[in-house]
Protein chains: 2
Amino acid sequence: MRYKPGHNAERRQALLQTSGRVVKQNGFAATGVDALTQAAGVTSGAFYTHFASKAELLKALIESESQASRQRWDGDPQLSDDEWIATTLARYLHPDHVHHPESGCVLPALTAEIARADQDTRQVFEDGLRQVTAALSQRLGSDERAWAFLSQVVGAVLIARALPNEASQRQVLQASQQFIRQALAAAG
Amino acid sequence: MRYKPGHNAERRQALLQTSGRVVKQNGFAATGVDALTQAAGVTSGAFYTHFASKAELLKALIESESQASRQRWDGDPQLSDDEWIATTLARYLHPDHVHHPESGCVLPALTAEIARADQDTRQVFEDGLRQVTAALSQRLGSDERAWAFLSQVVGAVLIARALPNEASQRQVLQASQQFIRQALAAAG
DNA sequence: GTCTATAGATGGATAGAC
DNA sequence: GTCTATCCATCTATAGAC
């Protein structure tokens, strides 16, 4: 055979990773199939060997990005809960995360567009997200806190990214971090 | 003259209101100029009498929507701070707000796309947003709390909208509301 | 000021060569 | 499996009639 075994799966994986970066950076609707494949060094013709449509790519992206996020949220298992919270907040609510959506969490970048996708795509989103909140819940003590924690940090990064200067961005990130600490302290 | 005085300003205002609904519903990049103007009962040719480009519309939309949001956030001035917080949370974190982005806050719907706009547009965003946070700060006691409060509710509605079923959506809304109460209680 | 018509570019997706 | 070439629809924006 002309291609080594697993070539197909590898290429699909590469497409998911590179197009994930492009889409988080520029948005899903705003990005053409040409731009998606160009980042992986192939042309649009090759795209349709791996995905039935652009909409199918979004579903696959949500799965792929959820898995990546889940691993980032897990973090170092040796940390105490308090240490884990501190390092997680410091990393998620960091200016680097604001400046580099392409390598960051999928949620601030794509959730608004996922909200406009079909029911099937949103189900994939929920499945992926529940893995994240399950991990979060382990550290925070309840699902309720996990959802609220997630909402807070996603909202903060989302808003920070739309602000035009670094000072304002930091103001949001700092405020968010402080707020979370107070809420967690309040409930013991 | 064939048109009554103020016709131009009125029509522009009408375009802002109707296109605001369409854009919050379907996204800015995903909506063509035809769809924007169709909602106002005119054709795309008329659009360019009022706006130099589609990008200019986004800036005008951010101004317009910020003003509308600011008024909604203000609420009834006769309420006590606690009452104001309760009614504001109940309205913003309500399933109706999740189901109807077209008549809701601009932030969960468009912030991700604003984050990808040029510096000028994002400056307009900051100016509008600071009016909102100033009003919020009056009620909550500090700018810091205002930013965090806003991040929390925006993140919650954003995520809820992407979830496929009502039960999950309510879970996020409820968790966020509870979290905010705890954070505010913690700081007195 | 708004319309129809259209230019010019780009969108998603497919066909056939290799 | 990937390429080039292309179809057809849609996009932003403009021109000219009314």
Side-chain angles (χ1 to χ4, degrees), chain A residues 1-20 22-62 110 112-114 116-118 120-121, chain B residues 1-20 22-62 110 112-114 116-118 120-121:
Chain A
M1 63 184 69
R2 293 171 58 194
Y3 298 91
K4 65 174 183 288
H7 168 90
N8 203 319
E10 282 175 17
R11 173 53 56 88
R12 183 188 152 101
Q13 198 60 28
L15 271 170
L16 282 175
Q17 281 179 16
T18 57
S19 65
V22 177
V23 164
K24 285 188 287 181
Q25 176 96 266
N26 300 328
F28 181 72
T31 306
V33 175
D34 279 344
L36 291 174
T37 53
Q38 188 175 343
V42 297
T43 61
S44 68
F47 176 87
Y48 292 94
T49 304
H50 301 281
F51 305 99
S53 68
K54 198 190 170 194
E56 284 297 313
L57 170 73
L58 181 58
K59 277 203 282 193
L61 265 183
I62 293 169
L110 293 187
E113 297 194 271
I114 295 169
R116 300 178 185 116
D118 59 29
D120 195 26
T121 303
Chain B
M1 65 183 66
R2 294 173 56 195
Y3 297 92
K4 64 173 183 290
H7 169 92
N8 202 319
E10 282 176 17
R11 174 52 57 87
R12 182 188 152 102
Q13 199 59 29
L15 270 169
L16 282 174
Q17 281 179 17
T18 56
S19 65
V22 177
V23 164
K24 285 188 286 183
Q25 177 95 268
N26 300 330
F28 181 72
T31 306
V33 175
D34 279 345
L36 293 175
T37 53
Q38 189 175 341
V42 297
T43 61
S44 68
F47 176 87
Y48 292 93
T49 304
H50 301 282
F51 304 99
S53 68
K54 198 189 169 195
E56 284 297 313
L57 171 73
L58 181 58
K59 277 203 281 192
L61 264 183
I62 294 169
L110 293 188
E113 296 194 271
I114 295 169
R116 299 177 186 119
D118 59 30
D120 196 26
T121 303

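In this text, all values refer to a predicted model and were calculated from it rather than measured experimentally. Protein chains get the first letters and strands the later ones, always in sequence-line order, with residue 1 at the start of each.
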Subject >> Among D:dC3, C:dG1, C:dA13, the one nearest A:Tyr48 by side-chain distance >> reply: C:dA13
Original post:
Looking at residues 49-60 of chain A, who's got a heavy atom less than 4.0 Å off DNA chain D?
Top reply: A:Thr49, A:His50
Original post:
When you measure from every atom of DNA chain D, which of residues 28-35 of chain B have a heavy atom less than 4.0 Å away?
Top reply: B:Thr31, B:Gly32, B:Val33
Original post:
Hey, what do you get for CZ (B:Arg116) to CD1 (B:Ile114), rounding to the nearest 0.5 Å?
Top reply: 11.0 Å
**OP:** Would you give the length of the straight line joining atom CD of B:Gln13 to atom CG of B:Asn8, rounded to the nearest 0.5 angstrom?
**Re:** 11.5 Å
Could you tell me how far apart [X] ([atom1]) and [N] ([atom2]) are, to the nearest whole angstrom?
X       : N      : atom1 : atom2 : answer
A:Leu36 : C:dA13 : CG    : P     : 11 Å
A:Gln38 : C:dG11 : CD    : C1'   : 15 Å
A:Asn26 : C:dG11 : CG    : C1'   : 15 Å

Closest non-hydrogen atom pair, [X] against [Y]:
X       : Y       : result
B:Thr18 : B:Leu36 : OG1-O, 4.4 Å
B:Ser19 : B:Leu61 : OG-CD2, 4.0 Å
B:Ala60 : B:Arg12 : CB-NH2, 3.7 Å

Original post:
Is any side-chain heavy atom of A:Leu110 less than 4.5 Å from a side-chain heavy atom of A:Ile62?
Top reply: no
Subject >> Pairs satisfying salt bridge (charged side-chain N to carboxylate O under 4.0 Å, His left out), at least one member in residues 34-56 of chain B, at least two apart >> reply: B:Glu56-B:Lys59
Grab the N/O contacts between the protein and nucleotides 5-8 of chain D below 3.5 Å, and write none if there aren't any.
none

**OP:** Mind checking side chain to side chain donor-acceptor pair (under 3.5 Å) for A:Thr121 and listing every partner two or more places apart, or none if nothing turns up?
**Re:** A:Asp118
Original post:
Around A:Gln25, counting heavy atoms of other residues, nucleotides and ligands shown, do more than 12 lie under 6.0 Å from its CD?
Top reply: yes
Original post:
For D:dG1, does either OP1 or OP2 sit under 4.0 Å from a side-chain N or O belonging to A:Arg12?
Top reply: no
Subject >> Phosphate OP1/OP2 of D:dT2: any A:Thr43 side-chain N/O under 4.0 Å >> reply: no
**OP:** Would you check, one step at a time, whether the test side-chain contact (heavy atoms from CB on, under 4.5 Å) holds for A:Leu15 with A:Val42?
**Re:** CA-CA 9 Å; A:Leu15 271 170; A:Val42 297; 4.3 Å; yes
Subject >> Sequence neighbours excluded - ring pair (Phe, Tyr, Trp, His ring centres under 6.0 Å) pairs with any residue from residues 27-50 of chain B >> reply: B:Phe47-B:Phe51
